[in-house]
Participant: 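Shown below is the structure under consideration.
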Amino acid sequence: MHQERCSLPAGEAGRVLDRLLLLEQVIGPEFVRQVLEETACFDARHCRLTREVIFWVVLAMGILTDLPIRQVFKYARRLRPGEATPHRSSLCLARQRLGLAPVRRLFERVVRLLATSQTPGAFYKDWRLMALDGTVYNVPDSPANAAAFGRSSAGPRGDGAFPQVRKLSLVETGTHVEVAFVVKGIKGPDSGEQRLAPGLFRHLRPDMLLLWDRGFFSYGLWKRIVTQGCQLLARVSNRLVLRPIQSLADGSYLAKIYPCESERNRDRQGLVVRVIRYTLNDPQRVGYREEHVLLTTLVDALRYPAAELALLYHERWEIELVYDEQKTHQNPWRVTKSADLRSQTPLGVLQELYALSIGHFVVRSVMAEAAAPAGLDPDRLSFVGCLQILRCRLPECPDPASTSFGVWYQGLLEEVRRERTDDAVRRNRINPRVVKVKMSNFKKKRPEHRPVPPLKKTFAESVVMLC
């Protein structure tokens, strides 16, 4: 069976969605066709919304997150007088026909590490800096999402208002590229971050230094990563038993970690780690006078001083900025979207997460390309400013085969290059972990309140006049 051609006429550039040519510079139309063939996504008949067309609509949704799907289609196709736009239901059904497999395969094919040895801030010594962490997304409150993902528990106040998914990501800190991620519903025995982490380990390489916070530490995870040859720098609880076996010149020391207390008492299966302990003397900072404990596999104190590693660990916060870019700026809350995502079905939620991550990679890829000629750290460019530029310039992109494209694209990169944050360093600031609104005076939404049954009377029929 062969892929049928779309019945919608192509534009001057030979594309049905002829205002998405800029996306093709990063994603590549050949990759889209390849993954459709590899996942056997074929159309059996002539139709307006072939799988290739809806594929590009889904990818555009990752950039144009503030538009409903019908408006995304309008944005992606030049106006043809007299031509009707597909209805929203047709576009949603086409998304379902496309499914998850092609979008996931395209993510694996397109998304890649962007930093080179010349990229400022992407390496420490010879190690490529990577970070691993997780976040939680609220998804629309539909029966299908609730059954597939579950809700968080609020104890005696009942379950959470929205079904939720947990996403665990592996990020290149120097460029903010989300290299890989795994997703699970919030409920269930395998939904914890430690249970999800092994799903990302296959993406680690021996030239990487992985940063993670104290919620991930376990002997089993540490051993699996060390076995792969990847280096580790991680914070752990200050209650962890770490008995010195050798003191080092910079105040750090070597110790062993064990799978359990009985193995520690017998000194069996121990793994040698380097322990760095420090505190903060600034009363304005979170963690003032608290003992901070770092473990690392970098045991050479001369080559890797403890003070450098204490500062380096805070590069882990770059992954928090990635989540901020995706959830707060790329796909912000708005009146028409009460949850973090828009999809009403579980497969749609996963498809949307992949589309958002690909859209984030498109922006970050252009930022890295713009920063490289000037020797800039990609983190010194404003993600929000660059995202707005891409949204603005997307429909202006000329045909990549034309002679004017090169000049236009270089002008785009120059415009992106000017979107600087602080030219020197980021502002010296803190952000306390507090919320402004703690509770609501309204009653808690419970299972009996959803779904709302249809009304049997009109408003006029329900009015009773009182004397």
Participant: If you count the non-hydrogen atoms of other residues, nucleotides and ligands that lie under 6.0 Å from NZ in K167, is the total more than 12?
Facilitator: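 Atom NZ in K167 is crowded, with more than 12 foreign heavy atoms closer than 6.0 Å.
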
Participant: Would you check, one step at a time, whether the test side chain to side chain contact (heavy atoms under 4.5 Å, CB included) holds for L64 with R391?
Facilitator: CA-CA 7 Å; L64 308 171; R391 286 173 172 171; 4.3 Å; yes

Participant: Is the count of non-hydrogen atoms from other residues, nucleotides or ligands lying under 6.0 Å from K223 atom NZ greater than 12?
Facilitator: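 No, NZ of K223 has 12 or fewer neighbouring heavy atoms, counting only those of other groups under 6.0 Å.
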
Participant: Find the distance between CD (Q231) and OH (Y124) and round it off to the nearest 0.5 Å.
Facilitator: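 Rounded to the nearest 0.5 Å, the CD-OH separation comes out at 11.5 Å.
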
Participant: Specify the closest pair of heavy atoms between V179 and L113, including all atoms of both residues, with the distance to one decimal.
Facilitator: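 Answer, listing the atom of V179 first, then L113: CG2-CD2, 3.5 Å.
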
Participant: D379 vs E318, test: side chain to side chain contact (heavy atoms under 4.5 Å, CB included). Steps then yes/no.
Facilitator: CA-CA 9 Å; D379 294 346; E318 299 297 330; 3.6 Å; yes

Participant: Side chain to side chain contact (heavy atoms under 4.5 Å, CB included), that's the test. Do R151 and K187 meet it? Break it down for me.
Facilitator: CA-CA 7 Å; R151 306 171 190 270; K187 301 291 283 187; 5.6 Å; no

Participant: Using a 3.5 Å distance criterion without hydrogens, assess whether the side chain of N145 forms a donor-acceptor pair with backbone atoms of S343.
Facilitator: yes

Participant: Hey, is the main chain of L129 close enough, under 3.5 Å, to the side chain of E172 for a donor-acceptor pair?
Facilitator: no

Participant: Are W408 and R393 side-chain neighbours, meaning at least one heavy-atom pair lies under 4.5 Å?
Facilitator: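 When only atoms from C-beta onward are counted, R393 and W408 do touch, with a gap below 4.5 Å.
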
Participant: Looking only at heavy atoms, which two atoms of R95 and V58 are closest? And how far apart?
Facilitator: CG-CG2, 3.8 Å

Participant: Taking the ring centre of each residue, are H360 and F383 less than 6.0 Å apart?
Facilitator: yes

Participant: Closer than 3.5 angstrom, by distance alone: can the side chain of R334 be matched with the main-chain N or O of P332 as a donor-acceptor pair?
Facilitator: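 Yes, the answer is positive, given that a donor and an acceptor are paired below the 3.5 Å cut-off.
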
Participant: Using a 3.5 Å distance criterion without hydrogens, assess whether the side chain of R128 forms a donor-acceptor pair with backbone atoms of A115.
Facilitator: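 Flag set: sc R128 to bb A115 pair under 3.5 Å.
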
Participant: Just verifying a value: how many Å separate S117 OG and D126 CG, rounded to the nearest 0.5 Å?
Facilitator: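 Reported to 0.5 Å precision, the distance equals 10.0 Å.
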
Participant: Is any side-chain heavy atom of L49 closer than 4.5 Å to a side-chain heavy atom of F73?
Facilitator: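 Yes - at least one pair of side-chain heavy atoms lies under 4.5 Å apart.
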
Participant: Using distance alone, with no hydrogens and no angle criterion, decide if R235 and H292 have a side-chain donor and acceptor under 3.5 Å apart.
Facilitator: yes

Participant: Would one find more than 12 heavy atoms of other residues, nucleotides or ligands at under 6.0 Å from atom NE2 of H314?
Facilitator: yes

Participant: Hey, what do you get for CG (L17) to CD (E52), rounding to the nearest 0.5 Å?
Facilitator: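 Between L17 CG and E52 CD, I get 9.0 Å after rounding to 0.5 Å.
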
Participant: Within a 6.0 Å radius of atom CZ on R88, are there more than 12 heavy atoms belonging to other residues, nucleotides or ligands?
Facilitator: no

Participant: Does E30 have more than 12 heavy atoms from other residues, nucleotides or ligands lying within 6.0 Å of its CD?
Facilitator: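 Enclosed: over 12 neighbouring heavy atoms sit under 6.0 Å from CD of E30.
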
Participant: For S382 and E419, indicate whether the former's side chain and the latter's backbone hold a donor-acceptor pair under 3.5 Å.
Facilitator: no

Participant: Is the positively charged end of K327 above the ring of Y137, judged by distance under 6.0 angstrom from the centroid and angle within 45° of the axis?
Facilitator: yes

Participant: Could you measure the distance from the CD1 atom of I319 to the CG atom of D133? Nearest 0.5 Å is fine.
Facilitator: 5.0 Å

Participant: Answer whether the closest heavy-atom distance between the side chains of Q96 and L347 falls below 4.5 Å.
Facilitator: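 No, every pair of side-chain atoms sits at 4.5 Å or beyond.
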
Participant: Are side-chain heavy atoms of Y304 and I276 found at a separation under 4.5 Å?
Facilitator: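 No - every pair of side-chain heavy atoms lies 4.5 Å or more apart.
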
Participant: Hey, are the side chains of K184 and R195 touching, using non-hydrogen atoms and a 4.5 Å cut-off?
Facilitator: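 No; the side chains remain at least 4.5 Å from each other.
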
Participant: E38 and salt bridge (charged side-chain N to carboxylate O under 4.0 Å, His left out): which single residue from R104, R105, R33 fits?
Facilitator: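 Filter result, single survivor: R105.
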
Participant: Could you tell me whether a side-chain N or O of S402 sits under 3.5 Å from a main-chain N or O of P398, the two making a donor and an acceptor?
Facilitator: no

Participant: I need the single residue from M367, E415, R418 that forms a side chain to side chain contact (heavy atoms under 4.5 Å, CB included) with C386. Which is it?
Facilitator: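 With C386 as partner, side chain to side chain contact (heavy atoms under 4.5 Å, CB included) holds for just one option, M367.
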
Participant: Which pair of heavy atoms, one from L221 and one from A197, lies closest together, and at what distance?
Facilitator: CD1-CB, 4.3 Å

Participant: If I take atom CG from residue L412 and atom CZ from residue R417, how far apart are they, to the nearest 0.5 angstrom?
Facilitator: 10.0 Å

Participant: Would you say that S237 contacts V293 through its side chain, given a criterion of any heavy-atom pair below 4.5 Å between the two side chains?
Facilitator: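 Heavy-atom side-chain distance check fails, nothing below 4.5 Å.
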
Participant: When you compare the side chains of Y313 and W212, does any donor N or O come within less than 3.5 Å of an acceptor on the partner?
Facilitator: no

Participant: Considering non-hydrogen atoms only, spot the tightest contact between L394 and L20 and give its length.
Facilitator: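 L394 and L20 have their closest heavy atoms at CD2-CD2, 3.9 Å.
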
Participant: Tell me whether the guanidinium CZ or amine NZ of R19 lies under 6.0 angstrom from the six-membered ring centre of Y75 and within 45° of its axis.
Facilitator: yes

Participant: Can a donor-acceptor pair be found, under 3.5 Å and without considering hydrogens, that links the side chain of R364 to the backbone of V362?
Facilitator: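 Checked: no pair found.
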
Participant: Please confirm whether the backbone N or O of L233 pairs with a side-chain atom of T296, one donor and one acceptor, at under 3.5 Å?
Facilitator: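 No, the answer is negative, given that no donor and acceptor are paired below the 3.5 Å cut-off.
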
Participant: Working note: F162 + S152, criterion side chain to side chain contact (heavy atoms under 4.5 Å, CB included); need CA distance, chi angles, decisive distance, verdict.
Facilitator: CA-CA 8 Å; F162 292 94; S152 60; over 6 Å; no

Participant: Without swapping roles, check the side chain of N331 against the backbone of D340 for a donor-acceptor pair under 3.5 Å.
Facilitator: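 At least one qualifying donor-acceptor pair exists.
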
Participant: In terms of side-chain geometry, is the basic nitrogen of R214 or E290 positioned less than 4.0 Å from the acidic oxygen of its partner?
Facilitator: yes

Participant: Tell me the closest heavy-atom pair linking R224 and P198, and the distance in Å.
Facilitator: NH1-CB, 3.3 Å

Participant: Without swapping roles, check the side chain of T119 against the backbone of T116 for a donor-acceptor pair under 3.5 Å.
Facilitator: yes

Participant: Test Y323 against E178 for side-chain hydrogen bond (donor to acceptor under 3.5 Å, both in side chains), laying out the working first.
Facilitator: CA-CA 10 Å; Y323 290 140; E178 189 176 37; 5.0 Å; no

Participant: Should L232 and W222 count as side-chain neighbours, where that means a heavy-atom distance under 4.5 Å?
Facilitator: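 The answer is yes, as the side chains (C-beta and beyond) meet within the 4.5 Å cut-off.
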
Participant: Do L211 and L132 have side-chain heavy atoms sitting under 4.5 Å apart?
Facilitator: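 L211 does not reach L132 side chain to side chain.
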
Participant: Which heavy atom in L170 sits nearest to a heavy atom in M130, and how many Å separate them?
Facilitator: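 Looking at all heavy atoms of both residues, the closest pair is CG-CE, 3.9 Å.
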
Participant: May I ask you to decide if the ring planes of Y354 and F107 are parallel, tilted or perpendicular, using 30° and 60° as cut-offs?
Facilitator: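 Y354 vs F107 ring planes: perpendicular.
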
Participant: Nearest 0.5 angstrom please: T173 OG1 to L312 CG, how far?
Facilitator: 8.0 Å

